[in-house]
Amino acid sequence: MEFDIIKRVALFVVLCVVQALVLNHIHLFGCATPLLYIWFIMLFRRNTQPWVILVSSFLLGLSIDTFSNTPGVSSGAATFLGAVQPYVLGLFIQRDSPDDLEPGVHTLGFTSYFLYALICSLIYCLLFFTLEMFTFFNWVQWLECVGGSTVITLVLIITLDNLRR
C-alpha cells in the first residue's frame with residue numbers, strides 16, 4: 001500500500017515536470033498540444049475513494065496551471081475528469097472484475113483501453129479548450145485544438161501504457 005502511494009506521487013511529479021518543461025512547448029500544426037498528465041487521472045484503480053480522485057485531480061491541475069500560466073483551466077478540467085473517471089471506467093470493466101483493478105492495456109484489453117483513453121482524452125480536451133478559449137466565435141480553431149490534442153494525447157497514453165508493463 002505504501003509503495004503504491006510512493007509510485008503515484010513519483011508519477012505525479014514526473015508527469016508535471018515533463019508537461020511543464022517539454023510538452024507545453026510542443027504545438028503541432030499550431031494547435032495540437034500533448035496533455036499527457038491526464039494519464040495520472042486515468043490510472044486510478046476501480047474502487048478508489050471518490051474524494052481521493054477529486055483532490056488528486058485538482059492538485060494535478062493546479063500544479064499544471066502554476067507552471068503553464070493557465071489560471072484555473074487545467075484544474076477545472078482535471079477535476080471534472082476526476083469526477084467522471086470512475087463512471088467512464090465502469091463502462092469498460094466487467095462486473096466480476098477485481099475491486100483493485102488498475103486500468104491498462106493488459107487488464108482491459110487493447111480495444112477497451114483504447115476506447116477508455118479516447119473518451120477520457122476527449123472529455124478533458126473538450127473542457128480544457130472550451131475554458132481556455134471561452135468563446136465559440138472561432139470554432140474551427142477550437143475543433144482543431146480539441147481534435148489534434150486528443151489524438152496526440154491518445155497516442156502518447158497508449159504508447160506509455162504499452163511500455164509500462
Side-chain angles (χ1 to χ4, degrees), residues 8-46 48-93 102-104 108 112-161 164:
R8 297 235 13 122
V9 169
L11 181 64
F12 182 96
V13 170
V14 167
L15 287 176
C16 283
V17 168
V18 167
Q19 185 69 40
L21 297 179
V22 179
L23 298 178
N24 278 347
H25 302 289
I26 297 173
H27 301 290
L28 295 176
F29 309 113
C31 60
T33 302
L35 304 169
L36 182 62
Y37 56 91
I38 67 168
W39 188 43
F40 177 82
I41 301 168
M42 292 172 50
L43 287 178
F44 279 108
R45 295 182 183 272
R46 179 180 182 188
T48 305
Q49 295 292 326
W51 69 269
V52 172
I53 299 173
L54 285 175
V55 169
S56 299
S57 300
F58 175 73
L59 291 175
L60 176 69
L62 188 63
S63 301
I64 297 299
D65 281 337
T66 302
F67 293 117
S68 303
N69 197 21
T70 55
V73 175
S74 294
S75 57
T79 304
F80 183 77
L81 181 61
V84 299
Q85 184 266 350
Y87 302 107
V88 175
L89 179 60
L91 296 173
F92 299 102
I93 57 176
E102 182 179 15
L108 295 177
S112 293
Y113 187 74
F114 179 82
L115 291 173
Y116 169 66
L118 176 66
I119 290 171
C120 287
S121 299
L122 186 61
I123 288 171
Y124 185 82
C125 289
L126 277 169
L127 192 55
F128 180 86
F129 288 107
T130 301
L131 291 173
E132 184 181 54
M133 292 184 182
F134 208 67
T135 182
F136 286 112
F137 285 117
N138 197 356
W139 60 272
V140 173
Q141 182 185 8
W142 176 77
L143 283 175
E144 289 172 349
C145 290
V146 169
S149 295
T150 300
V151 168
I152 193 78
T153 301
L154 183 63
V155 167
L156 282 175
I157 287 172
I158 297 292
T159 302
L160 282 177
D161 201 77
R164 184 170 61 126

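For reference, positions follow the sequence shown, starting with 1.
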With side chain to side chain contact (heavy atoms under 4.5 Å, CB included) as the criterion, how do Leu81 and Leu127 come out once you've worked through the C-alpha distance, each side chain's angles and the decisive distance to 0.1 Å?
CA-CA 9 Å; Leu81 181 61; Leu127 192 55; over 6 Å; no
Check against side chain to side chain contact (heavy atoms under 4.5 Å, CB included), Ile26 and Ile152
CA-CA 11 Å; Ile26 297 173; Ile152 193 78; over 6 Å; no
Using the side chain to side chain contact (heavy atoms under 4.5 Å, CB included) rule, take Trp39 and Leu156 through it: C-alpha gap first, then chi angles, then the decisive distance, then the call.
CA-CA 9 Å; Trp39 188 43; Leu156 282 175; over 6 Å; no
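Note that CZ of Phe128 and OG of Ser75 are 10.0 Å apart. Values are rounded to the nearest 0.5 Å. Atom CD1 of Ile53 is separated from atom CG of Leu60 by 13.0 Å, given to the nearest 0.5 angstrom. Leu28 contributes atom CG, which lies 13.0 Å from atom CD of Glu144 (distance to the nearest 0.5 angstrom). The distance from the CG atom of Leu89 to the CG atom of Leu108 is 6.5 Å, given to the nearest 0.5 Å. The line from CG of Asp65 to CG of Leu59 is 11.5 Å long, rounded to the nearest 0.5 Å. Met42 CE to Ser57 OG: the interatomic distance, rounded to the nearest 0.5 Å, is 12.0 Å.
Taking the six-membered ring for Trp and thresholds of 30 and 60 degrees, Tyr116 and Tyr113 have ring planes inclined between 30 and 60 degrees apart.
Contact between Arg164 and Gly104 at its shortest, heavy atoms only, is NH2-CA, 3.9 Å. In terms of heavy-atom proximity, Phe92 sits nearest to Ile119 at CZ-CD1, 3.6 Å. Of all heavy-atom pairs between Tyr124 and Ala78, the closest is CE1-N, 3.4 Å. Taking every heavy atom of both residues into account, Leu154 and Ala117 meet most closely at CD1-CB, 3.5 Å. Scanning both residues, Met133 and Cys145, for their nearest heavy atoms gives CE-SG, 3.7 Å. The two residues Ser121 and Ile157 make their nearest non-hydrogen contact at OG-CD1, 4.0 Å.
Ser63 places none of its side-chain heavy atoms less than 4.5 Å from the side chain of Tyr37. Leu115 places none of its side-chain heavy atoms less than 4.5 Å from the side chain of Leu91. The closest side-chain heavy-atom distance from Phe40 to Ser56 is below 4.5 Å. Looking only at side-chain heavy atoms (C-beta outward), Ile41 and Cys120 stay at 4.5 Å or farther from each other. Arg8 places a side-chain heavy atom less than 4.5 Å from the side chain of Leu43. Taking the side chain as every heavy atom from C-beta outward, Cys125 and Leu35 approach each other to under 4.5 Å. Annotation: side chain of Gln19 is not in contact with side chain of Phe67 (no heavy-atom distance under 4.5 Å). Using a 4.5 Å cut-off on side-chain heavy atoms (C-beta onward), Leu126 and Trp142 make contact.
For Phe129, there are no ring pair (Phe, Tyr, Trp, His ring centres under 6.0 Å) partners at least two apart in sequence or on another chain. Residues forming a side chain to side chain donor-acceptor pair (under 3.5 Å) with Thr33 (at least two apart in sequence, or on another chain): His27.
For residues 145-154, no pair satisfies side-chain hydrogen bond (donor to acceptor under 3.5 Å, both in side chains), with sequence neighbours left out.
With Leu11 as reference, Leu15 is the one residue of Leu15, Val13, Val9 to meet the side chain to side chain contact (heavy atoms under 4.5 Å, CB included) rule.
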